Amino acid sequence: MEDISLHILDIAENSLRACAKNVHIRIIEKNEKLILEIEDDGKGMNEDQLQKADDPFFTTKEGKKFGLGLSFLSQAAEETGGNLKIERRTGKGIRISACFNKNNIDMKPLGDIKKTMRVLKASHPEVNFVFEQIVEQGDSA
Amino acid sequence: MRLLEIVNKLNLTVLSGSDLLDREVIGGYVSDMLSDVLANSKKGNIWITLQTHVNIISVASIKELSGIIIVNGRKPDDDSLKKAEDEKIIVMCTDERAFQIVGKLYELGIGKNDENV
């Protein structure tokens, strides 16, 4: 995938399949880090699914053998020296945090995130998509 | 051309699927972007890349590629190679650069008759 916005489109599909009503997408920039956070209130994952979520040979789609969305996002983060975290939210749903070192030469461009959000909202009007871009000031230490 | 002949002529190291080298190679594809390989490679292609992430094994499996040549002396980790064995994916490696390997494959006739380029 050529940019981060395509990853967002792909991961948001997971939230939709999990019957989420609210999908919160945040891009948080702090010093040299860029964190892409996707939170939903869908049906979530059990412990086993959580462990295997970024395994390309694991999917919850019936009749399918491969699940590449989180695997590709994980790889994109790792290529910048970052990582992917998937955790259960208290209450309902999951939170995905992809942490990138944004100054790494292998960091993908963000792409047209506004367009991605327009596509998601237009194709799924029943779901509440929220996008926030946050720049946090912090010590460089 | 069979993979075994390519392995011998290009002096490749076979990391997985060494019992499957009678597989036929039909053309090739070079790319390090996995979504591009998913979109544009063809069944039977040999894939040349420097990527070593386990995701390459799933891409090769989905697209039914004949094998993966990893260049620049890079190697996947043991877990990825175990997946490759399970999925019957042949992973080979070489210290040479992609440019040299692709040139040699082309000289052997791989991809010369591709019509849809």
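Heavy-atom basis, side chains included; hydrogens, waters and symmetry copies ignored. What you see is a predicted model, and the numbers here were worked out from it, not measured in a lab. In what follows, chains are A, B, ... by sequence order, proteins preceding strands, each numbered from 1.
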Run the ring-ring contact (aromatic ring centres under 6.0 Å, His included) test against A:F66 and tell me which residues pass, sequence neighbours left out.
A:F57

With a 4.5 Å cut-off on side-chain heavy atoms, are A:L68 and B:I62 touching?
yes

B:L38, part contacting chain A, at a heavy-atom distance under 4.5 Å:
side chain

Going only through I, L, V, M, F, W and Y residues with side-chain contacts under 4.5 Å, is there a path from [X] to [Y]?
{"X": "B:I90", "Y": "B:I70", "result": "no"}
{"X": "B:I69", "Y": "B:M1", "result": "yes"}
{"X": "A:I27", "Y": "A:L9", "result": "yes"}
{"X": "A:I38", "Y": "A:I113", "result": "yes"}
{"X": "A:L70", "Y": "A:F58", "result": "no"}

If the cut-off is 3.5 angstrom, what donor-acceptor pairs do you find between chain B and chain A?
residue : atom : partner : partner atom : Å
B:S35   : OG   : A:M1    : N            : 2.6
B:Q51   : OE1  : A:Q75   : NE2          : 3.0
B:Q51   : NE2  : A:E79   : OE2          : 3.1
B:H53   : NE2  : A:E78   : OE1          : 3.4
B:N55   : ND2  : A:S71   : O            : 2.8
B:N55   : ND2  : A:Q75   : OE1          : 2.9
B:E87   : OE1  : A:K65   : NZ           : 2.6
B:E87   : OE2  : A:K65   : NZ           : 3.4

